[in-house]
Amino acid sequence: MPIPGIDVPGLGCGLAILREGKLLLYRRRNAPEAGCWSIVGGKVDHMERAIDSARREAQEESGLTVGAIDLLCISEQIIEDERQHWLSLIYVTEDFAGEARVMEPEKLPEFGWFPLDALPTPLSRFAADAVKALRVR
């Protein structure tokens, strides 16, 4: 069975969560792009709508319950040194309930809310595309 993102292009989703002009970012522990700061997101499951996947991933990774979301941009990541290829639909929201926290310390050990003009580095390609789209929005 081919592995999405490695043997065939994978379909991913992401969610840029904004609170008072600040973006929620988590530091990644694992590949792809280990050590980079990224928005919440992940793989879209077979027969799952990408928009529903974005909400699910946000809940799993941050503990937040997300309401209305809008499409922000599309991001394609080809990371040759990790043999990863992903096409991701990235959404944006300011409609959520709860407080963000570390839900998966083995994957995402730390997080923060960052102003768009004071982001941590390095950013994942996925997050960098979201930030670029947020700035022109």
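Heavy atoms only: backbone and side chains are in, while hydrogens, waters and symmetry mates are out.
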Taking all non-hydrogen atoms of both residues into account, name the closest pair between Ser124 and Cys36 and its distance.
N-CB, 3.6 Å

Side-chain heavy-atom pair Glu33, Arg125 within 4.5 angstrom cut-off:
yes

One pair to check against side chain to side chain contact (heavy atoms under 4.5 Å, CB included): Arg101 and Ser62. What are the steps and the verdict?
CA-CA 5 Å; Arg101 57 194 189 274; Ser62 72; over 6 Å; no

Residue pair Ile90 / Ala130: nearest heavy atoms and the distance that separates them
CG2-CB, 4.0 Å

Can you give me the closest heavy-atom contact between Ser53 and Lys43, atom names plus distance?
OG-O, 3.4 Å

Treating Arg27 as the side-chain partner and Pro109 as the backbone partner, does any N or O pair qualify as donor plus acceptor under 3.5 Å?
no

Cluster question for you: counting only ILVMFWY and a side-chain heavy-atom cut-off of under 4.5 Å, with indirect links fine, are Leu18 and Phe126 together?
yes

For Glu20 and Glu94, what are the C-alpha separation, side-chain angles and deciding distance, and is it a side chain to side chain contact (heavy atoms under 4.5 Å, CB included)?
CA-CA 8 Å; Glu20 299 170 1; Glu94 294 183 55; over 6 Å; no

Residue pair Glu61 / Gly41: nearest heavy atoms and the distance that separates them
OE2-O, 2.8 Å

If you define the side chain from C-beta out and look only at heavy atoms, does anything of Arg29 sit under 4.5 Å from Glu104?
no

Asp7 and Met1: side chain to side chain contact (heavy atoms under 4.5 Å, CB included), yes or no, with the steps?
CA-CA 9 Å; Asp7 299 320; Met1 171 87 87; over 6 Å; no

Lys132 bridged to Asp129 by N-O distance under 4.0 Å
no

Checking the side chain of Arg56 only, and the main-chain atoms of Glu60 only, is there a donor and an acceptor separated by less than 3.5 Å?
no

Heavy-atom closest pair (Leu134 atom, Ala16 atom, distance to 0.1 Å) is CD1-CB, 4.2 Å

To which residues is Ile17 joined in a hydrophobic cluster, defined by side-chain heavy-atom contacts under 4.5 Å among Ile, Leu, Val, Met, Phe, Trp and Tyr, whether direct or through other members?
Leu15, Leu24, Tyr26, Val40, Ile51, Leu64, Val66, Ile69, Leu71, Ile74, Leu87, Leu89, Tyr91, Phe96, Val102, Leu108, Phe111, Trp113

Please step through side chain to side chain contact (heavy atoms under 4.5 Å, CB included) for the pair Ser88 and Cys13, ending with a clear verdict.
CA-CA 5 Å; Ser88 299; Cys13 67; 6.0 Å; no

Kindly indicate whether the side chain of Leu25, heavy atoms from C-beta on, has any atom under 4.5 Å from the side chain of Pro120.
yes

Using the rule that Ile, Leu, Val, Met, Phe, Trp and Tyr join whenever any side-chain heavy atoms are under 4.5 Å apart, tell me whether Leu119 and Val92 fall into a single cluster.
yes

Greater than 12 external heavy atoms within 6.0 Å of Arg137's CZ:
no

Is there a path of hydrophobic side-chain contacts, each under 4.5 Å between heavy atoms of I, L, V, M, F, W or Y residues, that connects Trp86 with Leu11?
no

Counting distance only, does the side-chain N/O of Thr93 pair as donor-acceptor with the main-chain N or O of Asp95 below 3.5 Å?
yes

Heavy-atom closest pair, residues Gly14 and Ala54:
O-CB, 4.2 Å

Ring centers of Phe114, Trp37 separated by less than 6.0 Å
yes

With a 6.0 Å cut-off (strictly less than), is the heavy-atom count around CD of Glu106, excluding the residue itself, greater than 12?
yes

How many angstroms lie between CD in Glu82 and CD in Glu80, if you round to the nearest 0.5 Å?
11.5 Å

Okay, side chain of Glu48, backbone of Asp45: is any donor-acceptor separation there less than 3.5 Å?
yes

Hey, does the side chain of Gln84 reach the backbone of Gln77 with a donor-acceptor pair shorter than 3.5 angstrom?
no

